[in-house]
Amino acid sequence: MTTLQQQVRQAGVVGCGGAGFPTHVKLAAQGVDTLIINGAECEPLLRTDRYLMREQPAAIVAATAAAKEQLGATQAFIALKESYHAEISALQDAIDSMGAPVQLFLLKHFYPAGDEQVQVYEVTGRVVPPGGIPLDVGCVVSNAATMFAVHHAMHDKPFTQKYLTITGAVASPCVIKAPLGTSFADCLALAGGALQDDFVVVSGGPMMGRAMTKEQALQAQVSKTTSGYLVLPQRVRLWQTAQLSTTHIRNRARAACIQCSFCTQLCPRWLLGHPLQPHKIMRHTAGGQALETLLDDPVVRAAQYCCECGICELYACPMELNPRRMNALIKQACQQQGLRAEKGELNLQARDYRTERRIPTQKAAMRAGVGKWYKTEPARFVQAKPVEVCIALNAHIGAPAQPVVQVGQQVTFGQRIAVAPADKLGADYHASIAGEVICVDESITIRQESN
């Protein structure tokens, strides 16, 4: 009999809420007592998970119950913000009608409530050790949209469609169901187009998303990890911050950091008891030395514990410096040197003042420069119907998938077109539309036949 884990692997499901960790690997975890489904929709402006929890509550609850059984967990929670009234009602009705062994956990409205380590603490009171994962404290965390994909896998439907929000300076903000590989241009057209010509785009949310120029965005496609597109004017603060060079970031830190420690005092990981102190990292890296020469410094190496939530630079710093960018550069240097984050001690205690220093989500959006669109609700749901898709084969943690189709080959919807390398972490890919394969390299392009 095929297990849920095998069904999910065959369907190519990866985490929809972040880096794209292959979901079948999470479902193989041992020693789990608590399953947490993240429905907090962490980033301001995004509404995809909320849409799915309202419109597909039974599917999410059924998949959560099945995942709980697969893991052998003793309890399962769907964690969402207490202000999500319609979503709470829909999910609770589904739980009650199905008699599902699933509970709702209501979170306060703060950022980043959807960070998995923050969420583990909120739900269980356990602190994930620095450099560790939720499994270290008996938890598995997955995303609400991922559970919807798991439900499809339970019915032998591969992961070929992505739900995403497109909002900001567009004529008609909406939630789109897009085949994998759909172009950003097609998504923008479905949202009625941009309201100005000189726009920029963030893939993801305003705090942690990837900023792109207009030209870069028009070359982008929907992947397994795309959660949304924000169309914004160039003058928005988060875009201006993203354009600073490494040299400029370090020079500004050397000249202007006043060591107020606000970045540390508001850091979600510091508040959980982790030894991450961004203000000290800024001081230790301000001397002008190459970062590679500083990696033996434990203060600098602690940057590996950063979740890159953006609070330090978009919210906390009165001098508008860039601790998050500095931490990311250090993490990159550590990776290039093969230096893994050392796992810290278990049984850490969160800091006593943590609750008082949680950041209101709306204020985070305002500091990032996107407060104007904070309360914008997508007016409609739209199904994208592209005639051509370009499916990236590396949109997940692990090794890129290996193509099993050739140029000129006809493929059907849902057909497997790339497989995870044997004995490596990865995920399979399936055709999101039927048509002819016209390109195979790091991605696979499929074009529908013209009628």
Side-chain angles (χ1 to χ4, degrees), residues 15-21 23 25-26 29 31-43 49 71 73 75-81 105-144 146 204-205 207-208 225 227 263-278 281 301-312 315-316 323-324 327-328 331 334 340-355 357-359 361 364 397:
C16 294
F21 193 84
T23 304
V25 177
K26 284 191 176 184
V32 179
D33 62 50
T34 304
L35 171 64
I36 302 171
I37 303 306
N38 182 358
E41 194 109 68
C42 186
E43 285 270 21
D49 288 352
L71 289 164
Q75 53 185 355
F77 298 95
I78 300 175
L80 67 167
K81 295 176 181 176
F105 187 94
L106 305 186
L107 300 158
K108 296 296 182 181
H109 203 94
F110 67 94
Y111 176 81
D115 174 81
E116 69 174 13
Q117 296 197 16
V118 169
Q119 200 158 97
V120 166
Y121 182 77
E122 292 289 330
V123 175
T124 69
R126 306 169 193 168
V127 175
V128 177
I133 59 175
L135 188 58
D136 292 323
V137 291
C139 298
V140 164
V141 181
S142 194
N143 169 265
T146 309
M207 303 297 287
M208 300 178 69
T225 56
S227 56
C263 54
T264 296
Q265 296 300 322
L266 295 176
C267 171
R269 295 297 169 87
W270 167 260
L271 293 173
L272 285 174
H274 290 194
L276 171 60
Q277 300 180 78
I281 293 172
R301 284 276 294 277
Q304 292 178 290
Y305 303 139
C306 174
C307 64
E308 301 184 42
C309 68
I311 285 176
C312 53
Y315 186 93
R324 184 257 301 268
N327 288 349
K331 289 165 71 175
C334 287
R340 297 178 63 88
E342 296 181 3
K343 187 178 293 186
E345 62 181 287
L346 286 168
N347 303 317
L348 285 179
Q349 297 298 311
R351 303 187 191 276
D352 292 339
Y353 46 78
R354 176 183 176 274
T355 300
R357 296 189 182 177
R358 293 184 302 200
I359 305 302
T361 305
I397 287 178

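We're numbering straight along the sequence, starting at 1.
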C312 vs L266, side-chain contact (heavy atoms from CB on, under 4.5 Å): CA-CA, chis, key distance, verdict: CA-CA 7 Å; C312 53; L266 295 176; over 6 Å; no
Partners passing side chain to side chain contact (heavy atoms under 4.5 Å, CB included) against S227 (at least two apart in sequence or in another chain): L46
Spacing of L276 atom CG and L271 atom CG [to the nearest 0.5 Å]: 10.5 Å
Test item: H274 side-chain N/O and V128 main-chain N/O as donor-acceptor pair under 3.5 Å: yes
Any side-chain heavy-atom pair of L272 and R354 under 4.5 Å: yes
Any donor-acceptor N/O pair, D49 side chain to E41 backbone, under 3.5 Å: no
Nearest heavy-atom neighbours spanning V123 and A79: CG2-CB, 4.2 Å
Salt bridge (charged side-chain N to carboxylate O under 4.0 Å, His left out) contacts in which one or both residues fall within residues 125-137, not counting sequence neighbours: D33-R126, D136-K343
Pairing residues for R351 by the side chain to side chain contact (heavy atoms under 4.5 Å, CB included) criterion, not counting sequence neighbours: W270, Y353
Those residues that, when tested against K331, pass salt bridge (charged side-chain N to carboxylate O under 4.0 Å, His left out) (two or more places apart): E308
Donor-acceptor under 3.5 Å (T146 side chain, C16 main chain): yes
Side chain to side chain contact (heavy atoms under 4.5 Å, CB included) partners of A364, counting only residues at least two apart: Y111, M207, I359
With sequence neighbours excluded, residues passing salt bridge (charged side-chain N to carboxylate O under 4.0 Å, His left out) with E345: none
